[in-house]
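Heads up, the thing below is written out as C-alpha cells.
Just so you know, these numbers use all the heavy atoms, side chains as well, and skip hydrogens, waters and symmetry mates. Because the structure is a prediction, the values reported are computed rather than measured. Counting starts at 1 for both ligands and their atoms, following the listed order.
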Amino acid sequence: MHDTHEGIVFFVTSDFSGLVRGRGVPARNLPAFLETGCGWVPADQAINAFDVIGEGNPFGSSGDLRLMPDPATEVRIAGNAGRPPWHFFLADIQSLDGAPWSCCARGFLKAALADLEQRFGLGLSVAFEHEFTLLGDPAPAPGFSMRAFRRQETLVTAIASALRAAGAAPEMILPEFGPGQFEITLPPAPALTAADRAVVFREVVRDVAERQGSRATFAPKIRPEGVGNGVHIHLSLNDSKGRPVTYDADGPGELSAPAAAFAAGVLRHADALVALTAPSVVSYLRLKPHHWATAFACLGRQNREATIRICPRARAGGDPAAGHHLEYRAADATASPYLALGALVRAGLAGLAENLPAPPLVDTDPAELDAAECERLGVRPLPASLAAALDALAADKVAMTWAAPDFWACYLAMKRSEWAGLADYDHVALCDAYSRVY
Ligand code: GLU
Ligand code: MG
C-alpha cells in the first residue's frame with residue numbers, strides 16, 4: 001500500500017492546445033504547495049499539439065508564472081495493482097504578483113462567466129457530451145448495438161467507475177455509430193465545474209483505456225471517410241436564483257429573449273468561434289455537410305446539422321422550462337473546454353449586449369438549401385479549414401476584445417505553427433497524427 005506521503009501530486013493546466021500539462025510535487029509537501037503553487041513558464045502556452053513552440057509567440061524564453069491549484073478541483077483516484085493513487089488538481093495560472101495571468105485559459109472562462117453574471121444577472125448550466133473511439137477493436141459491431149457495448153463492457157465499466165471516483169460521474173453511456181465509437185454525457189453543472197469535469201473526463205478516459213491495454217482517442221476524425229468524434233456543449237441560462245430562463249412558450253423555437261440573443265451572438269461570431277472550438281487541422285474534416293456535426297452557421301430546432309440545436313425537454317408534462325436548452329455542435333476535443341466555453345459565453349454576451357433577435361430557424365439540412373434560401377435564412381458556410389478559421393478570428397474585431405492582445409498573439413502563433421507543420425500531410429496522415437495526440 002502507498003500512503004499519501006509517498007505519492008506525487010500533479011498540478012495541471014488545460015492549455016491553449018487543449019492538452020493537459022503540468023508539474024508534480026511531493027504529496028508530503030502538498031499543504032505548502034497549495035499555498036504557493038508551483039512554477040510555470042509563459043511560452044508553455046505556445047506549445048502546439050505536436051510539441052512545437054509557436055514561432056512569433058509573445059513570450060520567448062523569458063518570464064515566470066505560478067500554477068495555482070484550485071482546491072475545489074482535487075481528484076484522487078485510489079491506486080490498484082501496484083500503482084499509487086492518481087492525485088491531481090486543476091490549476092489557474094497566475095503572475096508572480098498573484099494576479100490572474102492574462103493568457104490563462106481557465107481565467108478566460110472565469111472572466112466571461114463573471115461578466116455574464118454582473119452585466120445580465122445570468123448564470124449558465126452546462127453539460128459536455130463527448131464522443132471518442134476505442135481503437136484496435138478487431139471486429140467492429142453494428143452501430144448503437146448492444147453487441148458493440150458488450151464487446152467493450154469491461155473497459156467502459158472501468159471508465160465509468162474511474163469517472164465517478166474523479167467526481168465526473170457519467171449521465172449516459174452509449175455505443176455510437178462508428179466502429180469502436182462511444183459517447184458519454186456528463187450531467188449539467190455550473191459552467192466552470194462542467195468545464196473542469198470535461199478536462200478531467202478526457203484524461204480519465206484515455207488513462208483507463210491505456211491501463212487496460214487499449215487506446216481511446218478523442219480526435220475529431222479517425223479516418224477521413226469515417227464518422228467524427230464531436231463534443232456537443234449543452235447550454236442553459238439561469239437567473240440569479242438558479243431558475244432556468246431559456247424557455248418561453250411564445251418565443252421563436254420556444255426560446256426566451258435572452259436565450260435567443262445569446263444564440264444570435266454565437267452565430268454572428270461563429271466563424272471566429274470555430275477557431276477556438278474546432279481548433280485543429282483535422283477538425284475541418286469533421287465540420288462537413290451530412291456529418292451531423294455542422295458545416296453552416298444556423299440555428300435549428302432538433303436539427304443535428306445546425307451549429308446550434310434547440311433541444312427539447314426530455315418528455316411532455318412537468319415544467320417545460322426545465323430541460324429546454326441550446327446545444328452547440330461545432331466543438332471537438334482538440335479544444336480546451338475553457339477556451340471553447342469561454343468563447344461561447346463571450347459571443348453570447350455580445351448578442352445579449354445588442355439584444356439581438358432570434359436567428360431564423362432552419363429545420364432542414366442547410367446543405368440542401370439553395371442560395372436564395374440561404375440568403376433569406378442568413379445561413380452561411382463555416383470556415384472550411386483551420387487557416388480560414390484563424391483568419392476569421394483575427395479579423396473579428398469584437399472577438400479581439402474578449403482577451404488581452406498577448407492572449408491572441410499566443411493563440412494565433414501556436415495554431416498557425418500547427419497548420420504550417422502539417423502542410424504536407426494528406427487526410428489519412430492528419431487523422432493518424434491527431435489520433436495519437438488526443
Ligand atoms: N458524431 C457526430 C459529431 O461529430 C454527432 C452524432 C450525434 O448527433 O451524436 O458531432
Ligand atoms: Mg453522439
Should the pair H130 and F218 be assigned to parallel (<30°), tilted (30 to 60°) or perpendicular (>60°) ring geometry? perpendicular
For atom 4 (O) of ligand 1, find the nearest protein heavy atom and state the residue, atom name and distance (0.1 Å precision). R286 NE, 2.7 Å
V362: which of T307, L377, I308 passes side chain to side chain contact (heavy atoms under 4.5 Å, CB included): L377
Under 4.0 Å from any heavy atom of [X], which atoms of ligand 1 are there?
X: E183; answer: 9 (O)
X: E176; answer: 6 (C), 7 (C), 9 (O)
X: W292; answer: 2 (C), 3 (C), 5 (C), 8 (O), 10 (O)
X: R329; answer: 5 (C), 7 (C), 8 (O)
X: H232; answer: 3 (C), 5 (C), 7 (C), 8 (O), 9 (O), 10 (O)
X: E131; answer: 1 (N), 2 (C), 3 (C), 4 (O), 5 (C), 6 (C), 7 (C), 9 (O), 10 (O)
X: R304; answer: 8 (O)

May I ask you to check whether F59 and W101 place their ring centres under 6.0 Å from each other? yes
For this output row, return yes or no: ring centroids of H269 and W402 closer than 6.0 angstrom. yes
Just distances here: any N/O of G228 and N/O of ligand 1 closer than 3.5 Å? yes
Which atom, among the N/O/S set of [X], is closest to the Mg ion (ligand 2)?
X: E176; value: OE2
X: E183; value: OE1
X: E131; value: OE2

Will you find, in the side chains of E74 and H87, an N or O donor that is under 3.5 Å from an N or O acceptor? yes
With a 4.0 Å cut-off on N to O distance, would you call R301 and E254 a salt bridge? no
Salt-bridge test for R416 and E418: reply yes if a basic N is under 4.0 Å from a carboxylate O, no otherwise. no
Kindly determine whether K221 and D432 satisfy salt bridge (charged side-chain N to carboxylate O under 4.0 Å, His left out), including the steps that lead there. CA-CA 9 Å; K221 274 292 189 114; D432 287 348; over 6 Å; no
